2 protein chains.
Amino acid sequence: MELKWLEDLLALLEEKSITRAAERRHVTQPAYSRRVKQIEDWLGVELVNRATKPVNIRPIGLAMEADVRDLVNRFYALRNKAHENQNKITFIAQHTLSVSRIPQIIRDINALSPKTSFRVMPANNNGCQNLFLKEGGLLLCYQNSNQPINFTQASIAKIKLGNDYLLPVVSRELAIKMGPIKAGMRLPILMYPKGGFLAECLAQMCLPRVFRDYRVELVCESAFSASLKEKVLGSMGIAWLAKDLIQTELENGALISLEDLLGSVMLDVLLFCKEDEANDQVTNAFNMIGSF
Amino acid sequence: MELKWLEDLLALLEEKSITRAAERRHVTQPAYSRRVKQIEDWLGVELVNRATKPVNIRPIGLAMEADVRDLVNRFYALRNKAHENQNKITFIAQHTLSVSRIPQIIRDINALSPKTSFRVMPANNNGCQNLFLKEGGLLLCYQNSNQPINFTQASIAKIKLGNDYLLPVVSRELAIKMGPIKAGMRLPILMYPKGGFLAECLAQMCLPRVFRDYRVELVCESAFSASLKEKVLGSMGIAWLAKDLIQTELENGALISLEDLLGSVMLDVLLFCKEDEANDQVTNAFNMIGSF
DNA sequence: GGACCTTACGGGGCCCGTAACTATC
DNA sequence: GATAGTTACGGGCCCCGTAAGGTCC
């Protein structure tokens with residue numbers, strides 16, 4: 001069975017004529033006719049009814065078109081993937097980290113080895129881990145120290161790249177408008193959607209206290225901290241954002257931390273690497289990042 | 001690119017040695033070595049590092065093992081599917097119908113053409129439609145006349161096989177224990193899970209009235225009417241079951257209909273056939289069933 | 001008879017196995 | 001020197017194209 005055959009078969013299913021399909025496949029009609037027979041032999045099924053003169057394609061043939069096309073696509077996908085992984089460093093990172101940490105990491109690596117090329121695949125916490133196990137590369141993600149990430153695979157190396165903090169912040173403008181924050185006050189909150197990693201961290205660490213002490217009004221939910229950040233800057237409410245993401249705004253006073261009142265979450269920033277499946281570039285990058 | 005190559009590649013990835021893989025693939029080591037090169041050529045990627053003496057498989061090779069295995073499996077799946085569809089009539093039917101109507105249909109067809117073989121794939125309403133569009137065969141399903149099933153594809157033929165009814169029933173034993181049913185009474189109800197087709201039918205047609213007039217106590221949920229039937233027979237409560245499914249029990253008095261009090265739902269029983277993808281057997285069966 | 005497909009036949013390329021060679025351990 | 005893998009070479013099979021032979025319209 002050959003890829004060529006599958007493509008032949010597709011031509012036949014599309015052209016619905018042996019002669020035309022043969023032309024499209026750049027072989028003579030007899031040769032093509034023989035190929036069709038080979039395919040039928042392999043499948044053990046008669047695909048065409050040769051009784052009529054422009055041959056009639058049997059239902060069973062028509063029914064398999066989608067599967068055949070899928071198979072052909074997968075072949076080329078395999079090749080493309082091999083090419084892509086050839087000389088590239090793939091980062092799989094939680095959305096937040098792909099915005100906050102990854103840019104700096106890429107700058108650092110580029111400074112040391114200028115011609116490196118990169119691919120960044122953002123996903124949510126769970127998606128990251130699956131993607132990493134499936135595709136390899138480097139995984140950058142948060143870890144709540146209560147729930148350590150433990151891969152069962154032996155050959156996965158780990159480096160801790162320090163900490164980040166989920167800080168409750170509010171825009172200067174809104175802070176002025178709200179005045180001093182007191183127990184029982186109504187607080188407009190922007191949250192991560194329930195069930196997500198960040199939402200769970202907050203649900204465990206900060207929210208019980210907040211719900212006890214204030215009247216929480218959920219203004220908006222979004223899974224993307226970059227989007228929440230915009231909303232906070234637009235004075236829509238209070239959100240817990242990664243400190244790395246709002247460094248500048250904290251320094252210039254555009255955002256004000258409410259950590260003392262609402263509590264924060266400390267997160268480990270971890271980098272993982274499947275050592276046995278990483279190419280040299282990836283391995284080098286892994287060690288390089290660890291040494292920064 | 002050939003299927004053989006993929007299998008060669010798998011052997012290499014598993015054995016991690018050209019000599020051993022060659023043995024397993026029943027070719028001489030030089031021949032196998034050449035094949036590996038061909039595969040590498042096609043992929044455009046060096047899979048093995050030939051610098052060391054038992055060759056070293058590069059990470060990129062290891063990383064693609066899962067994809068290659070998947071591809072190989074799909075090849076054989078294609079062939080199996082072709083075989084299976086060869087001389088078989090596939091029924092795709094909602095769980096309930098696969099228990100209630102399908103057995104009789106199969107008996108009827110067998111009576112007329114004894115050597116027919118069948119495959120029955122039960123699914124829920126939505127799953128049925130997807131499966132049917134993907135796999136073909138004959139689709140047997142309920143239709144609530146409020147929400148007609150309309151396939152966009154032109155070549156899908158439809159026959160109505162009469163009606164069925166969702167009747168609220170209770171076991172004789174429980175009926176006696178409960179005594180006469182009066183408004184405001186507590187009713188133990190067995191239901192289909194929310195969101196499913198049958199649950200929606202009931203939610204639209206019967207439940208509003210029932211909830212208004214009685215104190216409903218949800219004893220148990222199950223998507224399978226056969227399972228609900230057992231529970232009803234076990235006097236666990238009242239459920240709406242397909243009349244076709246409980247014909248015998250209604251006649252011998254084991255189950256008692258509460259239709260007058262709780263309302264029933266009329267359903268169309270429809271049979272669909274993708275005419276352009278159906279083999280002769282399927283087409284014949286379709287017409288045969290229509291004529292019963 | 002013509003369109004469409006299959007069968008027959010000779011030629012060439014591809015791939016195999018054997019054997020000789022090379023390199024790593 | 002043994003093990004592991006590549007290169008060289010001759011042979012055979014498989015598949016192609018040409019040409020001739022059937023069938024259905």
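Letters A, B, ... are given to chains in the order of the sequence lines, protein chains preceding strands, and every chain is numbered from 1. In this text, all values refer to a predicted model and were calculated from it rather than measured experimentally.
For B:K88 and B:E84, the salt-bridge test fails: no basic side-chain N is under 4.0 Å from an acidic carboxylate O. Between B:K4 and A:E2 there is no salt bridge, since no side-chain N of the basic residue sits under 4.0 Å from a carboxylate O of the acidic one.
When each of D:dT18, D:dG5, C:dG17 is scored by its nearest atom to the side-chain atoms of B:T28, the top-ranked nucleotide is C:dG17. Of the candidate nucleotides C:dC5, C:dC25, C:dG17, C:dC25 has the atom nearest to the side chain of B:T52.
Applying the side chain to side chain donor-acceptor pair (under 3.5 Å) test to pairs two or more places apart or on separate chains, those with a residue in residues 150-159 of chain A are A:S155-A:D276.
Scanning residues 1-27 of chain B for heavy-atom distances under 4.0 Å to DNA chain C yields B:V27. Of all the residues in residues 40-48 of chain A, not one reaches under 4.0 Å from DNA chain D with any non-hydrogen atom. Using a 4.0 Å cutoff on non-hydrogen atoms, no part of residues 56-64 of chain A comes near DNA chain D.
Among residues two or more places apart in sequence or in another chain, the salt bridge (charged side-chain N to carboxylate O under 4.0 Å, His left out) test is passed with B:R35 by B:D8.
A donor-acceptor pair under 3.5 Å is formed between the side chain of B:D164 and the backbone N or O of B:D244.
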Can you give me the N/O atom pairs linking the protein to nucleotides 8-13 of chain C at distances under 3.5 Å, or say none if there are none?
{"from": "C:dA8", "atom 1": "N6", "to": "A:R34", "atom 2": "NH1", "distance (Å)": "3.3"}

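Between A:Q38 and D:dC14 there is no side-chain N or O to OP1 or OP2 distance below 4.0 Å.
Each of B:K37 and A:P54 was matched to the nucleotide of DNA chain D holding its nearest heavy atom; the match closer to the 5' end belongs to B:K37.
The 12-atom threshold is exceeded at CG of B:N73, counting heavy atoms of other residues, nucleotides or ligands nearer than 6.0 Å. Annotation for A:N146: atom CG counts as buried by contact number, over 12 foreign heavy atoms lying within 6.0 Å.
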